[in-house]
Amino acid sequence: MNSKALSVETQHSKCVAVKTCTELRKSAINAIIFGPAQPTKMKLNQFVSSSRRKNRKRHFQAPSHIRRRLMSAPLSKELRQKYNVRSMPIRRDDEVQVIRGHYKGNQVGKVVQAYRKKFVVYVEKIQRENANGTNVYVGIHPSKVLIVKLKLDKDRKAILERRSKGRLAALGKDKGKYTEETAAQPMETA
C-alpha cells in the first residue's frame, strides 16, 4: 500500500480528519459511479455569479431598463444583412412574425405593447376569446418572434450604427477603411 492510501485509511478509522467518515464514503461512491471529479473551469469574472438561483432572482427582479435589453428579438435575414446587427430590443411599433409556439406562422403583425413586467409582447393580430366573449391579446416572449420591420427614430439609428460598427471591428472587416473625416485629420506623431 502506498502512503496516500494509508493516510486515507488511518483518517477513515479515526474519523478525525478534515472530512467525516460519511463524506469520505460519499466521495468514494461518487468516484465509483461518476468517475473521478473533473477540474472545474476557472471563472473569468469573480463578481458575476454562476449560481442558478441568483441568476433567476436577478432575471425576475430586474428593473425596467435591464428588462428592455432582456426583451430582445432577432432581426430577419434581410434586416441582418442591411444593418449588420443580429438582434434588437423590441419596441411598440415594430412589425414582427411569430416563429415559435402555437401562434407561429407567416402572418406579420405590429407590436401593440411591450409588457416589460410580464416579459411579453402583444401582437396586433394574435388574440383569443376570453371566457366572457371579449377578445384579449396573447402574450408572446420576444425571443419567439422575428423582427421584420423596425420602427426607426434617431436613437434607434444611433444604436444600430454603434452596434454594427462594433461588430465590424470585432470581425476585422473595418480595418484599413478611412472616412472623409479621418483622412482630413492631420496625423499625430508620438
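Keep in mind that this is a model prediction, so the values were computed, not measured. Residue indices begin at 1 and follow the sequence shown.
- When the options Pro142, Pro89, Ser143 are evaluated for a side chain to side chain contact (heavy atoms under 4.5 Å, CB included) with Ser72, the one that passes is Pro89.
- Contacts of Asn106 classified as side chain to side chain contact (heavy atoms under 4.5 Å, CB included), with partners at least two apart in sequence or in another chain: Gln97.
- Judged as a salt bridge (charged side-chain N to carboxylate O under 4.0 Å, His left out), the pairs with a partner in residues 79-95 (not counting sequence neighbours) are, in order, Arg91-Asp153, Asp94-Arg156.
- Within the 4.5 Å cutoff, no side-chain heavy atoms of Val136 are placed close to those of Tyr122.
- Closest approach of Ser50 to Asn55, counting heavy atoms only: C-ND2, 3.8 Å.
- In this structure the side chain of Leu160 reaches within 4.5 angstrom of the side chain of Leu152, judged on heavy atoms.
- Of the possible donor and acceptor atoms, none in the side chain of Arg116 sits under 3.5 Å from a partner among the backbone N and O of Arg67.
- Nearest heavy atoms, Ile126 versus Val98: CD1-CG2, 3.3 Å.
- The backbone N or O of Val48 lies less than 3.5 Å from no partner atom in the side chain of Lys54, so there is not a single donor-acceptor pair.
- In terms of modelled atom types and a separation under 3.5 Å, the side chain of Arg69 and the main chain of Met88 share no donor-acceptor contact.
- Side-chain contact between His141 and Lys144: present, with at least one pair of heavy atoms (C-beta onward) separated by less than 4.5 Å.
- At most 12 heavy atoms of other shown residues, nucleotides or ligands fall within 6.0 angstrom of atom CD in Glu161.
- With a 6.0 Å radius and a threshold of 12 heavy atoms from other residues, nucleotides or ligands, Lys43 has its NZ atom above the threshold.
- Within the 4.5 Å cutoff, side-chain heavy atoms of Leu75 are placed close to those of Leu150.
- Two residues are said to be in side-chain contact when any heavy atoms from C-beta on lie closer than 4.5 Å; Asn130 and Arg128 meet this criterion.
- Within the 4.5 Å cutoff, no side-chain heavy atoms of Val112 are placed close to those of Val123.
- Between Leu70 and Phe119 there is a side-chain heavy-atom pair separated by less than 4.5 Å.
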Would you sort out whether Arg163 and Ser87 count as a side-chain contact (heavy atoms from CB on, under 4.5 Å), showing the intermediate values? CA-CA 10 Å; Arg163 291 179 76 180; Ser87 64; 4.0 Å; yes
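- When all heavy atoms are compared, the tightest approach of Glu129 to Asn135 is CA-OD1, 3.8 Å.
- Ile140 and Leu146 fall into different hydrophobic clusters, where Ile, Leu, Val, Met, Phe, Trp and Tyr residues are linked whenever their side-chain heavy atoms come under 4.5 Å apart, directly or through other members.
- With hydrogens and angles ignored, the 3.5 Å screen pairs a side-chain donor or acceptor of Lys125 with a backbone N or O of Val108.
- Remark: the backbone N or O of Ile90 is not paired with any side-chain donor or acceptor of Arg68 at under 3.5 angstrom.
- The minimum heavy-atom distance linking Gln127 with Val138 is given by the pair C-CG2, 4.1 Å.
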